[in-house]
There are 2 protein chains.
Amino acid sequence: MAKPRNIAPATTADLPADQQVALKLWVTLARAYHAVQQQAVADARRDGFSIGEFAVLELLYHRGPTLLGEIQTRILVSSGGITYLVDRLVDKGLVERRDCPDDRRARYAALTPDGTRAMRRIFPRHAARIAAAMHGLGVRDQRDATRLLKQLGLAAAAASADDSPGAQTGAH
Amino acid sequence: MAKPRNIAPATTADLPADQQVALKLWVTLARAYHAVQQQAVADARRDGFSIGEFAVLELLYHRGPTLLGEIQTRILVSSGGITYLVDRLVDKGLVERRDCPDDRRARYAALTPDGTRAMRRIFPRHAARIAAAMHGLGVRDQRDATRLLKQLGLAAAAASADDSPGAQTGAH
DNA sequence: CGATAGTTCCTCAGAACTGAGATACTGTCA
DNA sequence: TGACAGTATCTCAGTTCTGAGGAACTATCG
């Protein structure tokens, strides 16, 4: 493992200390996210769903009929993405579109009876698998981590919103 | 009284308390990750790179010439993905492949002089932007979050490795 | 009203991958 | 030595999205 140490460009070690801490957190956050996501992907795939499809099903299962635009902001996909995902679930017979009586531009997505049955079967195992993936932390640490990540996520989202004017605030 | 024909829980609220905590952490983790990632995506795109391309550049900038397989496990892409990413960076003139003298199957990727110059220019601004995205937490909280996420990520990765035998990465 | 700005969803070209299989090489063992 | 399992990368068809643009509808305001 020879390390050519003669040149000293602007690497991480030359950054201000606070930036080093932030970058380390970013790398660790990304790794933790990917590791848990692998579990979610494997679980969804067992039932023939992509992560995006599963996220839509889960949202509709918990919230009931939901406007496409709201699904979009909640599961964080693009406008084309939500059309694509709902199309696929409609093809599978698990979701249906419904017109919105108050606004003829808007449409709801809702679980069909088949979709509800499928989620009733699938969801408990999915929840157990995610919980197992989180098992590296005890309940107390999980709460601490949730609090910190919530604070982090809200601040970062606010920073994003600054760049792209037109994006709505979300939650205050 | 309701007749519990189905033992399976209908919604999150019916799950065991520890699973509720775990799912909440998962949702919060995903949101925080996406929020910060949006910053990284926007920053990389400003220079004409995808996130994957930028991750390769960053890795090579800090580690020097690296075997493709090692890049693959570090930035978490598929085998086809790493070939694709390196191809694109080679086309841009920022990266070159080098044969490995010890193993004729293996190849290194390394920054070209152009690639090094580009990263010397780009990286400090990128680090500053990530640090700004993390600004919702103070340095002490960032360290706490890093510790918790590291613990979480390692345990979740170990759980993944159990499912898919043959994937021996990480904890040496 | 009518113009116009804003929104909600859909279309579609193509970006950014994934993953199974192919190719080429290495290490092990009888 | 030869058979064979293991490893590193590449190929390529297919998947899952992104985002610019457009059609249809709604809201606002002179």
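The sequence lines fix the lettering, A, B, ..., with proteins before strands; numbering per chain opens at 1.
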Shortest side-chain distance from [X], nucleotide among [options]:
X      : options               : value
B:R88  : C:dA16, D:dT9, D:dT18 : C:dA16
B:R105 : D:dA8, C:dC9, D:dG19  : D:dA8
B:T83  : C:dC10, D:dT16, D:dT9 : D:dT9
B:D103 : D:dT26, D:dA8, C:dC9  : D:dA8

Does atom CZ of B:R63 have more than 12 heavy-atom neighbours from other groups under 6.0 Å away? yes
Can you say whether the rings of A:Y33 and B:H34 are parallel (under 30°), tilted (30 to 60°) or perpendicular (over 60°)? perpendicular
Over all strands shown, is [X] touching base, sugar-phosphate only, or nothing at heavy-atom distances under 4.0 angstrom?
X     : answer
B:S50 : sugar-phosphate
A:G69 : sugar-phosphate
B:L85 : sugar-phosphate
A:I51 : nothing

Given atom [atom1] of [X] and atom [atom2] of [N], what is their separation to the nearest angstrom?
X      : N      : atom1 : atom2 : result
B:D102 : D:dT7  : CG    : C1'   : 15 Å
A:Y108 : C:dC9  : OH    : P     : 10 Å
B:D99  : D:dA8  : CG    : P     : 16 Å
B:I82  : C:dA16 : CD1   : P     : 14 Å
B:L67  : C:dC25 : CG    : C1'   : 14 Å
A:L76  : D:dG19 : CG    : P     : 13 Å
B:R97  : C:dA24 : CZ    : P     : 16 Å
B:F49  : C:dC17 : CZ    : P     : 14 Å

Start with the C-alpha gap between A:R117 and A:D114, add the side-chain angles, then the distance that decides, and say whether salt bridge (Lys or Arg N to Asp or Glu O under 4.0 Å) holds. CA-CA 5 Å; A:R117 267 192 296 276; A:D114 267 10; 2.6 Å; yes
The answer to which of B:R107 and B:R45 contacts DNA chain D further toward the 5' end, by nearest nucleotide, is B:R107
Closest-nucleotide ordering on DNA chain D, the 5'-leading residue of A:G52 and A:R104: A:G52
By nearest-heavy-atom nucleotide on DNA chain C, the more 5' of B:S79 and B:Y84 is B:Y84
Return whichever of A:V41 or A:Q72 has its heavy-atom-nearest nucleotide of DNA chain C closer to the 5' end. A:Q72
Ion pair check, B:D47 and B:K92, cut-off under 4.0 Å: no
How far apart are the closest heavy atoms of B:A133 and B:Q39, and which atoms are they? CB-CG, 3.7 Å
